[in-house]
Novice: 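I am attaching a structure below and will ask some questions about it afterwards.
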Number of protein chains: 2
Amino acid sequence: MSIVEFLSSIVPFTQNELNDIQGHFKKESVPKNQILVHQGAICKTLYFMEQGMGRSFYTKENGKEITQWFFGVGKFMTSADSFFQQTPSLYNLEVLVDSVVFSISKEDMDQLFAKYHKMEKLGRLVTTEMLTKIVNKLNAIQFQTAKERYDYMLAEFPDIAHQVPLGYIASYLGMTQETLSRIRK
Amino acid sequence: MSIVEFLSSIVPFTQNELNDIQGHFKKESVPKNQILVHQGAICKTLYFMEQGMGRSFYTKENGKEITQWFFGVGKFMTSADSFFQQTPSLYNLEVLVDSVVFSISKEDMDQLFAKYHKMEKLGRLVTTEMLTKIVNKLNAIQFQTAKERYDYMLAEFPDIAHQVPLGYIASYLGMTQETLSRIRK
DNA sequence: GATTTCCTTTGACCTATATCAAAAAAGGGG
DNA sequence: CCCCTTTTTTGATATAGGTCAAAGGAAATC
């Protein structure tokens, strides 16, 4: 899914607007395992995942990695907090397979928000959708058994669930890899 | 904090705009324990808490109530999902003490979003802030001990933490009332 | 002020999941 | 195709927090 298709699917931009907006995005190929943003750095770029997949994760004091979110095709990938408030990112942003992304800087994005009311609306809608998803995850984590949480994962990220190491999923779901391994049977 | 003060603190509206916007909100006094939205109903109204406090909660099959969020002075109170997507609410919305709210309907809100680019921006910013807070709660729930979670609660809702029944807080934090009681010592 | 209802604490026991350790399986590069 | 690394599975043991039950306190109602 191209960024133009994505934008159009949410808010009805004119062709001219789409051209202008698209001009602010830069298409990039990113090789597997590349880190787009490091924990502690300020995230200056928003990415749209055209092809591939990624995750955000942080490293605990004990060195263990905790996956915080997965990003599939057709999603915006960023450390939302860090990008929008320009504060140090709590997470690393990593591409999990060879991917193609469209990137845009904070300044350009702000410009688009300011220029197009419709873009601001799109921003609001996308943020609302993200909010809903996080609430879903929260409910899963807080009130469901390990087994049910895995089912939630399969439902939320069907395409991703079978393509990443078990440990990534386990930490995303707030359980150990051993537990997840036992559950899958 | 009045709604006008709140709006102005986020986006610089003109006096005319503020007057127009304020005209769409209705001031209401709501008595303690009143339910503003019932689980399963579509939430048609957004509330701004001028005075008082509230919570969202749902009732599990076994009859137990789970608090999902607390709303203090100067916050918007709604079942975000239900309000923005007009889908059945997963939660009840309840006022915990005698309160004063400003209410606005979905239609009026959409009108304001459409009329004022700045309002759309405000919507985006408020949603982003909420997103950040939910992520914080998620981290607390997922990776912290019961003791640390209580500390998070005290930090996030200092004014509310000491004014509501222990059970409300316990379920919000994903633990039993007994556990929370033991922790507080 | 007494009574009833609600809220909080305490105690004994239990269970899901964590931890630690190691074996088994899968995958990738030369 | 083999070796080395990474990932997954399995086993044994430990523990935070849950569950159930009941006693104390507090506070609303009459």
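This one's a predicted model, so the numbers in the text were calculated from it and none came from an experiment. Note: hydrogens, waters and symmetry copies are ignored here, and every other heavy atom, side chains too, is used.
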Novice: Between A:Q163 (CD) and C:dG27 (C1'), how many Å, whole number?
Specialist: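 Nearest whole value for this atom pair: 16 Å.
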Novice: Once hydrogens and angles are ignored, does a donor-acceptor distance under 3.5 Å link the base of C:dC20 to the side chain of A:E178?
Specialist: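 Under the 3.5 Å cut-off, the side chain and the base do form a donor-acceptor pair.
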Novice: To the nearest angstrom, how far is B:Y150 atom OH from D:dG17 atom P?
Specialist: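 Rounded to the whole Å, the gap is 16 Å.
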Novice: Side chain of A:L166: nearest nucleotide among C:dT8, C:dT19, D:dT9?
Specialist: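 Closest of the options to the side chain of A:L166: D:dT9.
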Novice: Map B:I183 and A:R184 onto DNA chain D by nearest heavy atom, then report which one ends up closer to the 5' terminus.
Specialist: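 Comparing both residues, the 5'-ward one is A:R184.
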Novice: Has B:T176 got a side-chain N or O lying under 4.0 Å from the OP1 or OP2 atom of D:dG18?
Specialist: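 Checking D:dG18 against B:T176, a side-chain N or O does come within under 4.0 Å of OP1 or OP2.
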Novice: For the residue pair A:Q15 and A:N19, confirm or rule out a side-chain donor-acceptor distance under 3.5 Å.
Specialist: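 There is such a pair between these side chains.
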Novice: As a test of understanding, state which of A:F84, A:F6, A:F71 forms a ring pair (Phe, Tyr, Trp, His ring centres under 6.0 Å) with A:F76.
Specialist: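 Single pass found, and it is A:F6.
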Novice: Roughly, in whole Å, what's the span from CD in A:Q144 to P in C:dA16?
Specialist: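 Atom-to-atom, A:Q144 to C:dA16, this comes out as 16 Å.
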Novice: Starting at atom CZ of B:R149, determine the distance to atom P of D:dG17, rounded to an integer number of angstrom.
Specialist: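 Computing the B:R149:CZ to D:dG17:P distance gives 6 Å.
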Novice: Which nucleotide sits closest to the side chain of A:K185: C:dG11, D:dT10, D:dG17?
Specialist: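 My answer, after comparing the listed nucleotides, is D:dT10.
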Novice: Measure CG/B:L180 against C1'/C:dC7 and give the value in whole Å, please.
Specialist: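 To the nearest whole Å, that distance equals 13 Å.
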Novice: Please determine if a side-chain N or O atom of A:T179 lies less than 4.0 Å away from the OP1 or OP2 oxygen of C:dT17.
Specialist: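 No, outside the criterion.
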Novice: Check whether the side chain of B:R182 and the base of D:dT19 form a donor-acceptor pair under 3.5 Å.
Specialist: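 Indeed, a donor on one side and an acceptor on the other fall under 3.5 Å apart.
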Novice: Choosing from D:dG17, C:dT10, C:dA18, which nucleotide comes nearest the side chain of B:S181?
Specialist: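 The listed nucleotide nearest to B:S181's side chain is C:dT10.
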Novice: What is the distance from NZ of A:K60 to C1' of C:dA18, rounded to the nearest Å?
Specialist: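 These atoms are roughly 11 Å apart.
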Novice: Hey, would you say the B:F57 and B:Y91 ring centroids sit under 6.0 Å apart?
Specialist: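 Not under 6.0 Å, so no.
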Novice: Which nucleotide in the list D:dT8, C:dT17, C:dT9 gets nearest to the side chain of A:P165?
Specialist: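 Nearest listed nucleotide: D:dT8.
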Novice: Go through the side-chain N and O atoms of B:R124 and A:T127 and say whether any donor and acceptor fall under 3.5 Å apart.
Specialist: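 Judged by distance alone, the side chains do not pair up.
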Novice: What's the NE2-P distance between B:H162 and C:dC7, to the nearest Å?
Specialist: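 One finds 18 Å between P of C:dC7 and NE2 of B:H162, rounded.
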Novice: Provide, to the nearest angstrom, the distance between the OH atom belonging to B:Y168 and the C1' atom belonging to C:dC6.
Specialist: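 The distance from OH of B:Y168 to C1' of C:dC6 comes to 10 Å, rounded to the nearest Å.
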Novice: Verify whether the ring centers belonging to A:F102 and A:Y47 lie closer than 6.0 Å.
Specialist: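 So the answer is no for these two rings.
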